[in-house]
Each structure stands twice: as structure tokens, then as C-alpha cells.
Amino acid sequence: MIPKPRTLFDKIWESHLVDVPPDGTALIYIDRHLVHEVTSPQAFEGLRLNKRRVRRPDATLAVADHNVPTTDRAGGITDEESRIQVETLAANCREHGITYLSMDDIRQGIVHIIGPEQGFTLPGTTIVCGDSHTATHGAFGALAFGIGTTEVEHVLATQTLLQRPAKNMRVTVEGALPLGVTAKDMILAIIGKIGTAGGTGHVIEYAGEAIRALTMEGRMTVCNMTVEAGARAGLIAPDEKTFDYLRGRPFAPKAGAWEQALAYWKTLPSDKGAVFARDVTLDAAEIAPMVTWGTSPEDVLPVTGRVPDPRDVADEAKRAAMIRSLEYMGLTPGTPLAEIKIERVFIGSCTNGRIEDLRAAAAVAQGRHVAPGVAAMIVPGSGLVKDQAEDEGLDKIFLAAGFEWREPGCSMCLAMNADKLEPGEHCASTSNRNFEGRQGRGGRTHLMSPAMAAAAAVAGRIADVRKLV
Amino acid sequence: MNKFTTLTGVAAPLPMINVDTDKIIPKQFLKTIKRTGLGKALFFEMRYDDQGKERPDFVLNKPAYRAAKILVAGANFGCGSSREHAPWALLDFGISCVIAEDFADIFHNNCFKNGILPIKLAKEEMAKLFDDAERGANATLTVDLDSQTIRGPDGGTIHFEIDPFLKHLLLNGLDDVGLTMQKNAKIDGYEEKQKHLQPWLAAKS
Ligand code: SF4
């Protein structure tokens, strides 16, 4: 009998089953666990109360990213609660023998940037973290998803997770992206098409020529925002680009083990004829630079568009949401998006804080200057990204153009540290969420690509980067 | 974890779609290293104004709903961040059942880990419950997990579906970690197998 064709998800899922009780909630093995300071203290506390140990400290990697200052760190963290949270993580890691990248380690950075960077993220593995953007690691063909704190405790204690299988969904992007259009625009266009609940209950595998053509950085951007499309995990089949990226990274398999791993990884891509519960196709050539106008990532349009009119929306709940969004954002229906003035620019986050993102922003910033009245900051995703950018002279370009050059961390992506918007400020942001108050109370976020954010910085309003490249 | 068997209480309507976990509890309350005391931060931005005063028009600030135990919410409730602080805040406020057309996956999962029952219902049934919940102090519902029913103020009942395993956990207030640790032999077995099949992932011993 010919075996049933399987998807990439099916293969990873089946190879991680520890126990499948008759009621169907499986126990799956977790290969890699990333830990950060915000969602882990209560989990370690739970271990302590129950006198439990961490089962695989060697499969766990911790870093502080959400609370860390992005300005000079010589004086430590001044905010007391933030400091306690970071110190608690360090102490928990010491107690359990977990590798912890501290704030003064060059490898420190946003948890989803450092996983791949360290080769901790590997194809065919299961990866979890108490953070929804764990989806990022799916770019390597790993089943990676966010979990809650109780589940963090479960993984720390047992290296497993109780999980029901997800449904398979495939998003195929055919053709080639036009000039000035990036991975960020692609994922925003996908979310615009399927909606923020479009992938709920599914794992999305991204396929097609335009996906294959993306760099690993671009693939991470796409998988990262999969969670904004409602799916817990995104997946991209590993290929030569994946292997080239990982070869020689500190946690990647070495010498003989590498060859063995490689042979296995090559068996992972979905089989021909594998069945997906849902299939969606987009044409890359039709994607334009995208910008959000509202307070949900699905509130997105091409930069050439106009602020929509609630009167055109038939569904009552959707209309109410749009009215609320527009009021919060201070926008009038019909206004061209390219006329929206901005006061702040944030380039960074686990969506767009990698070297390629900084290069794209620098290419626009070079020889130009941030518009008067605009404050723009660049926050590299990790110490290593920052280092490389400085080697390439990108920091000089940004500084000459009037951008601030910061230390790595989550920063204004969620404004848990000192970096936040003032009420009413419009921000061109490369992060992933434009929720009310996400970047600071009353702050108004417009999500876009790094090149578009740089273009907005120099124009002082949302601008079509295609006119600048 | 608390058991969930039956619950009778006032149901508060929040007919807003895509309520994200940032809205349920904003980041300034995530700096805690505890699980408790988050009820005061629930729906913070909608509940309080810039001066920290209660906004009288927000549902949970209205006299009839201040002691709500059930939330009747719009579609895609709990989307966004994985923060378990969202269910902790609901629970600390006194809400241990949320009813919506659908939920974001991680939030949905997190509810079960904390003794909160999330109930998914079809649009038509949601419309009925929103009507019921609009009745202020008379908006009392009784949720019975064992029989999987919601009884409305008029005595009418609505049946809901739930995964049998999750139902079992909630009904008995079981701690997953303890349960899984009883399967240690199976986990050992898996790790032994992995040593041979994928030695690059195995623990160095
Ligand atoms: S950069 Fe933003 S989305 Fe990413 S992990 Fe940090 S806070 Fe979360």
C-alpha cells in the first residue's frame, strides 16, 4: 500500500507523539523551549511550590527582552518592577541550570531573533515559548507556537505538552514581489485577505514561488505574523537557504551529526498530494506596500488606498468595530493613507528587527533626513544584529539621517520599558500589533515594512516607498 | 486549580469583536511575578479614564454588572498576546465563564488551565444571550458543565459542545503537570528513541 501523503505539519506532529490517549488529546514532546522574563516567573514559582525540577535545562534557553532598556545600560534597569522581573529570571535560570543570556551579553536580544541566530531553532523540531510570536521559528520548518504560563510550567517539568492536532491550511503566494514590496507587505496582505481569525485552529504552511524566493529573514517575518492571522503556527519547508543559514551556528548540530540531521531535514517537506483543509492563493505581483489604518492587523490596505467608510460595511459588529477604530485613530473616512501625518517611527521588533530589515531601512534613509517634528528610532533585534549593522556602517547612515540608534530589545513594540507613544501620536511601526494602547496609551500605530517606515520618517507622513527607491 | 461544575451569576454583555489580550489586561500589569491581584486591571483602558476614574458607561462599572460572573463577548475573543494574565485577571475579578462565537486558540487553552470555561456558540444563540445579558440585574444565567447547558433568565436552555478531555479536567479541577508526570516512563521512552533517531536533539549524557 502506498503511504498516505503527509504535510510538513503531519510529519512533525507524528514524530513527536509521546502518548495518544483514546480521548484524542495527545502528549507531544517539546524539543526546544525559549523563556523570557514576563511569562515565566509564575511557572518557576509553580515548580518551586510542587518541588519539581526542570527536566531538560539543556533544551531550554532564556533571555530578558520585554523589559530591558534600549538606552545606555550601564546603570542597570531603573524601573523597579522591571528590574525585579529580569533579576527573577536570572535567579530562576541559575537555580535550574538553564542558559541565560544576560543584558550585557552580546547575544542578548528578542527571544525570537536569538533562537534562530544561535541555531537553537532547527527544522523538524517542536519549539514553544510563553509568547505568541513563537510562530516566527516556523520559518525553519519547525512546529513553533506560543503557550501560556501554566503550559510553560508543564514544559519545564515534563518537556511535553498536551495538545490537539491542528488542521492544515496552505497559503500559496505565486509569482514575484514587485520592487519595494517585502515580506512584511506579503503577510499584511495575507492577513487582510483571510482576517485575524482566518487561521484559527489551523497551522498555516506557506508555499509558492514568492515564499521560496524570500530570504530566511523574510520568511521569519511572514511566519511571525501568522498569529495575527489567527493561526498558532506558520510553517515553511526547509530548503538550501535554511541549511545555509544554520550551518555553523552555536547550537546547530556539528560535524557528523550535521550530515545526519541534514538527511532527515530533507525528508520534511509536504509530500506531493498531501491534503490541506483550506487552501488560499495570492499573486505576489498584485501586492503593494501595505499600511494599517485601524486597531486590528486586518485593518490593512495598500498605501495608495483611503481610510475606509463604516457606511460601506454591512456587518453590524464589523461596522461598530470600524467606527471605534477610526475614532481611536483620529481618522476621517476617505482620507488618502498617504496623507496621514506621523510623529514617531519605530523600526525593530521580532517581526522586523533583523539585519535585512535594517539594511532596507538604511537604503531609504541614506542621503535623506528625518522630517522636522518626527522622532524616529531604530532598535536592533539582538546584540549580534546591532554589531553586524555597525560593521556595515548602517548606524552611521541612521545617525546622519537623524534616527536614534538603540540597544536591542522589544522596546516600543509593546512599550513595557520606557519607550512609548504619547496619546494621539501616530507612529509608523514595523512591529506586529496595532491594538489600542499597544505602543502606549492613546498611541496610534500604523504597521508597515521597514522601508515604508523609513520613508514615513523622511516624509513626515505615510509615504509610498516605491517613489523613493 | 478550581473545579468548574455549575455557575450561576450575572452575565455581562461585551458585544465587541476582536477583543485582544492587550485590551483584557494591558502591559503595565505584566511586570508582576505573581498570578493574583490582577482583577483591578481587567479591561483597564476601557474601565478607567486617564485620571484613573471609572468610566460609568463601561459595562462592568454599571451597578447591575459589578459582580458579573459570566462574560458574553464578541467573536475572536482573546486574540493577540499569549499572556495568561488575561484569564488570571478575569478570574480575579470573579468571571469564570466566557461565552463567544469563537476564541483565539492560546487564550482558549489558557482558560482551561485556570478553571475558566470558555463556551463557543453559533451566531443566533449568541444573539439570544446578548439579549439576555442586556437585562441588567435580571441577566442571570446558569451554566452547567456536566450537562453542557446554559439556562437563561426565562428558563430556556442552550446546549453547548466541549472537548471531553477538557471537560474532564475542568470538572475535576485536575492539574495537568501532575497528570503528565505519571507518564514519566513514556517520556523516558520517547527520549531514548530520540537518542537513536535524532541524536542531535538528545540530551548530552
Ligand atoms: S518584539 Fe514585540 S511581539 Fe516580539 S516578542 Fe517582543 S513584545 Fe512580543
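The sequence lines fix the lettering, A, B, ..., with proteins before strands; numbering per chain opens at 1.
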State whether [X] and [Y] are salt-bridged, where the test is any N-O pair (Lys NZ or Arg NE/NH1/NH2 against Asp/Glu carboxylate O) under 4.0 Å.
{"X": "B:Glu191", "Y": "A:Arg55", "value": "yes"}
{"X": "A:Arg438", "Y": "B:Asp20", "value": "no"}
{"X": "B:Lys186", "Y": "A:Asp19", "value": "yes"}

Report yes or no: do B:Asn109 and A:Arg164 form a side-chain donor-acceptor pair below 3.5 Å?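 A:Arg164 and B:Asn109 do not have a side-chain donor-acceptor pair below 3.5 Å.
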
Any donor-acceptor N or O pair under 3.5 Å, side chains B:Gln198, A:Asp31: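 Note: B:Gln198 and A:Asp31 side chains miss the donor-acceptor criterion.
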
Residue part contacting chain B, namely of [X], when any heavy atom lies under 4.5 Å:
{"X": "A:Ser40", "result": "neither"}
{"X": "A:Leu122", "result": "side chain"}
{"X": "A:Ala197", "result": "both"}
{"X": "A:Ala317", "result": "both"}
{"X": "A:Asp79", "result": "side chain"}
{"X": "A:Leu162", "result": "side chain"}
{"X": "A:His133", "result": "neither"}
{"X": "A:Thr88", "result": "side chain"}
{"X": "A:Glu37", "result": "neither"}
{"X": "A:Pro57", "result": "neither"}

Least distance between heavy atoms, B:Asn18 atom then A:Ser296 atom: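 Heavy atoms of B:Asn18 and A:Ser296 come nearest at ND2-OG, 4.0 Å.
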
Between [X] and chain A, with a heavy-atom cut-off of 4.5 Å, which part of the residue counts as in contact: side chain, backbone, both or neither?
{"X": "B:Lys23", "value": "side chain"}
{"X": "B:Lys167", "value": "neither"}
{"X": "B:Phe107", "value": "neither"}
{"X": "B:His168", "value": "neither"}
{"X": "B:Ala202", "value": "backbone"}
{"X": "B:Ile17", "value": "side chain"}
{"X": "B:Thr21", "value": "neither"}

Nearest-0.5 Å distance that lies between atom OG1 in A:Thr158 and atom NZ in B:Lys183: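 Spacing of OG1 (A:Thr158) from NZ (B:Lys183) equals 10.5 Å.
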
Measure the CZ-OG1 distance between B:Phe112 and A:Thr150 for me, rounded to the nearest 0.5 Å.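 Here the interatomic distance stands at 13.5 Å.
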
Taking [X] for its side chain and [Y] for its backbone only, find out whether a donor-acceptor pair lies under 3.5 Å.
{"X": "A:Arg433", "Y": "B:Gly80", "value": "yes"}
{"X": "B:Asp105", "Y": "A:Gly201", "value": "yes"}
{"X": "B:Lys31", "Y": "A:Met416", "value": "yes"}

Is the shortest heavy-atom distance from the side chain of [X] to the side chain of [Y] under 4.5 Å?
{"X": "A:Ser132", "Y": "B:Ile106", "answer": "yes"}
{"X": "B:Asp50", "Y": "A:Arg441", "answer": "yes"}
{"X": "B:Glu84", "Y": "A:Thr39", "answer": "no"}

Top of B:Pro164, B:Pro199, B:Ser81 for chain A proximity - count of heavy-atom pairs under 4.5 angstrom: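 Highest number of pairs under 4.5 Å: B:Ser81.
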
Inter- and intrachain pairs under side-chain hydrogen bond (donor to acceptor under 3.5 Å, both in side chains), touching residues 254-263 of chain A, at least two apart: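 Passing the test, one end in residues 254-263 of chain A: no pairs.
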
